[in-house]
Amino acid sequence: MAEAHPVGFQWVMEAKKRGAKVFHVDPRFTRTSALADTYLPIRAGTDIALLGGVVRYILDNELDFREYVLAYTNAATIVSEQFADTEDLDGLFSGYNPETGSYDQTSWQYEGHGNHTRARGTGKERETAAGLEHESHGAPVAAETHRDETLRHPRCVYQILKRHFARYTPEMVERVCGIPQEKFLELARAWTENSGRERTGVLVYSVGWTQHSVGVQYIRTGAIIQTLLGNIGRPGGGILALRGHASIQGSTDIPTLFNLLPGYLPMPHHAEHPTFARWVDSIRHPGQKGFWGNSRAFAVSLLKAYWGDAATPENDFCYGYLPRMTGDHGTYQQVLNMIDGHVKGYFLLGQNPAVGSAHGKAQRLGMANLDWLVVRDLFMIESATFWKNSPEIATGEIVPEECRTEVFFLPAASHVEKEGTFTQTQRLLQWREKALDPPGDCRSELWFFYHLGRVLREKLAASTKPRDRALLDLAWDYPTHGEYAEPSAEAVLKEINGYEVATGRPLGGFAEAKDDGSTAIGCWIYSGVYADGVNQAARRKPGHEQSWVAPEWGWAWPANRRTLYNRASADPQGRPWSERKKYVWWDAEKGEWTGYDVPDFEKTKPPTFRPADDASGPEALAGDDPFVMQGDGKAWLYAPRGVLDGPLPTHYEPAESPMRNPMYGQQANPTRKVYDHPVNRMNPSPPEEHSDVFPYVFTVSRLTEHHTAGGMSRTVRPLAELQPEMFVEVSPELAAQVGLAHLGWAHLVSGRAVIEARVLVTDRLTPLRVDGRVIHQLWLPYHFGTEGLVTGDSANDLFGITLDPNVLIQESKVGTCDVRPGRRPTGPALLDLVAEYQRRAGMTADRRVPIVTTDAAGGDAAGNTDERSAEAARDGGGDA
Amino acid sequence: MFRLGLRTFIEGWPVYRQLTGTDPLGRGAAAQSARSAGLTARTETADSMARSVCPYCAVGCGQRVFVSDGQVTQIEGDPDSPISRGRLCPKGSASKSLVTSPLRQTKVRYRRPYSTEWEDLELDVALDMIADRVLAARDETWEDVDDAGRPLNRTLGISSLGGATLDNEENYLIKKLFTAMGALQIENQARI
Ligand code: SF4
């Protein structure tokens, strides 16, 4: 955090000054470690084992915040007797289908829920990254559950949790993660001692956590700890995700993502959502508790914002215009499709995948096989010059005279040359004023897309083709101003906020959304950002002139709430858990919720409220159900559905690991998304043979002085001067073993690439003793490429493509490699070296990565190969 | 004259001022030279100041952007921000160098198929050419219905990547336009 989010880190230092203990867990000692009370080095990819150890420590010593856990979580809920745990099945849960590599979640359900929910596989959810829809709400589950408030029932969640994590002992943590037991116990003790009525603890992660084949389950393990300790919805608690781009939260909320529409509404699926009613019901889940009950109004209002007058009740508000998903259309699938010649044109908007995405060569080969590419950026980045300046030019894999891709480079306006909002990592929208006009041909994306839409519509004006109706009927009238006819960002923000169609009056919030077409809302969770016709995101009341919650600086979604689920900061009766940790509470005299923040609860619903038996939606929430977006109003220690790789987190080895899984026969995540494509050969891991060809673990992260793929930092003189060169950090022990000299050169080899870097021998990296052997880890920054003021090989070239099944994010924080002294070969000799490693490791073109490595699934012996056909794996046919 | 001169000389000596004045650590007035006393901060004489946000990471530090004669002359931390309290890290502090970098591209560049060099192109011509290519790619790869006759309304012939560095308003228009043209393969860094 001190390295990559330095200004945010000042608050950690403030807390430390007031007595907070700071623990830092990282494969590498960083500036954060230097300022922490305790630093725990960890083997990359083993965080679930560590955090699972903390869960076991809490449960074994009964250190959970019992009142909170009983009232606000599903700890007491009883689970179906068909459920079988990884303890029973050697690392698999019940319902695993080796044919599709995915789970049927029926047996994971709560007791008595079998009839409410359809039994089926989850391959489709994986292909469409359906887990992302849960960014604002839980997975569907019926409201009524069987509970045992004594927590003794053998099938209640609490007891299931206890059994599941029983083997995550301090000894096991040491064996898997390489963390000495005393250090682990110091962490577990401090975390539990600093949680409860009087105290709260916070978990902070950077989004490298999401770049694992089990990334979602990392975060779930953290959530289980924080929920057991009563640290959710309370001040000084929570789980803080430190995201890495100025508005990456905004681009998830208003998604430029294939599977979502604004506000986490799903993009329709051709088979699942044939009609408007089916689509809406799949979001609304009739019979459930919670605010998603209103989703018909959100869906209708979005379609009204998109298609204006053309969207009527008679035509289902133009639902038919929406394109349909049939499977995985994510960025990695797209890139493989580019290589295979299926994609014609590609837009890159302030993003540099040639350096920033996993498997750089696949990215560049994909770009070299397009009809056309549009790059919009401030600088000439590697993704714009792949055809004349890339590693593949040197090896002859791309020849400019033979590369047909037509490239348009359009210079972009910078953040000071346009106005608009960024959503930062705490869901806070902040409006930027424009300082000056952009130079030359530079334009904002707002300008480019508005005018592209205008030109497209002009060109199609005479068209009678049905396919062109969606473009011609689009509500695309934005006021423009100035010499360049820049569209008004404020007008767009007003549409995002939503307005009454008849009068144009901006809505005050999503509670005003209507399902009859009388309101239009571009992104329902942002409704309120333009309440009263005032740009609330532009509010800048100085921090020192307001309370510590600072509610009048910018605007946070939803409803300007700074801490989500803050009803949980009060006890079931609505009283603060303690004076010290007071945040939101029930004012009995006034008959309303009040406090320092906007209460995350219906304002006048008393703590004693009990819903009618047949209630659904928000009316079904009791006065002590704080988790208002969950189908049962409870925080989920155990996820009966929605998490595709299991109701509970389980330690699996990374897709590429030098080690056999010490905990289960199942080696790696059995539901991870693999792509069997000739370009994407994965290094072997146990129990496969030849994992010793790639004996070292490497991980990558950021330098303080550079930003992601370097397009905004290697091009900027002061930053380029501060970190001028690509390097690799190695421990003195590894340097001695391999013969690497400090400040000399080394090259690293994976089954995809060879890259070189200067050697930095440092005890910031330490060999770990893991399961009776020594594991060496290497660390690299991933910012370098061939353009800019300072250049170097790209660390992301080393990675292959394997994805988390829930969100289709790649595993690019851990892989295996070999390291050798000296510079890498150049030209065709480089390809020969990779080929030699592939041959030695048995990475033939027809090899399939083994998915199931235990016979507990009912399949054949350990080490068998996945049965799926390459085609099914590629197009996500599975059970689509 | 000489005495007075010597006294003035001694009083003007930074160590003397540091020891006798209100700035014993010598970080403020004591260390100020006559030259720096006569200078004015360019933030004070700027023609305008815009309140902005750092474009790098998602902490969202407040920035003040000072402009004189149509040029950004300074970008510094906004002390009013309850998030950053006026601080900027090395990247945020380099924002002025970012927006004024001589490496910034300000002209459209065009690479023909099989060419080895960039060429110039007018912006409106480029926009028109891109629109033609979008329509052609869409026509070539359009899918009306699936094998079972269910609607698809889409093209898988067009991809887009990017958005995490852009404004919400921009992402909104990008998604809206692509969705209306049936382009589904729209992604950004949040997937990466
Ligand atoms: S100044 Fe540094 S910490 Fe603050 S937003 Fe910018 S990059 Fe992030």
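Each chain gets a letter, A, B and so on, in the order its sequence line appears, and its residues count up from 1.
- Only the backbone of Ala412(A) comes within less than 4.5 Å of a heavy atom of chain B; no side-chain atom from C-beta onward does.
- Residue Trp548(A): no heavy atom, backbone or side chain, is found under 4.5 Å from chain B.
- Ionic pairing of Arg138(B) and Asp468(A) is present here: one or more N-O contacts between side-chain nitrogen and carboxylate oxygen are shorter than 4.0 angstrom.
- Not a single ring-ring contact (aromatic ring centres under 6.0 Å, His included) links Phe448(A) to another residue, sequence neighbours left out.
- In this structure, the portion of Leu460(A) lying under 4.5 Å from any heavy atom of chain B is its side chain and not its backbone.
- In this structure Thr106(B) satisfies the side-chain contact (heavy atoms from CB on, under 4.5 Å) test together with Pro439(A), Cys442(A), sequence neighbours excluded.
- Relative ring orientation between Phe408(A) and Tyr110(B) is described as tilted, the plane-to-plane angle lying within the 30° to 60° band.
- With a threshold of 4.5 angstrom between heavy atoms, Pro718(A) approaches chain B through side-chain atoms but not through N, CA, C or O.
- If you measure heavy-atom distances from Ser444(A) to chain B, the contacts under 4.5 Å come from both the backbone and the side chain.
- Taking the centre of each ring, Trp476(A) and Trp307(A) stay at or above the 6.0 Å mark.
- Residues of residues 70-77 of chain B that come closer than 4.5 Å to chain A, counting heavy atoms only, are Gly70(B), Gln71(B), Val72(B), Ile75(B), ordered by residue number.
- At a 4.5 Å heavy-atom cutoff, the contact between Tyr321(A) and chain B is made by backbone atoms alone.
- Interface remark: Glu140(B) contributes side-chain atoms only to the contact with chain A (heavy atom separation under 4.5 Å).
- Heavy atoms closer than 4.5 Å to chain B are found in the side chain of Leu719(A), but not in its backbone.
- In this structure Asn153(B) satisfies the side-chain contact (heavy atoms from CB on, under 4.5 Å) test together with Arg324(A), Trp142(B), Pro151(B), sequence neighbours excluded.
- Checked by atom type, the side-chain pair Thr256(A)/Asn171(B) shows a donor-acceptor distance below 3.5 Å.
- Interface remark: Met267(A) contributes side-chain atoms only to the contact with chain B (heavy atom separation under 4.5 Å).
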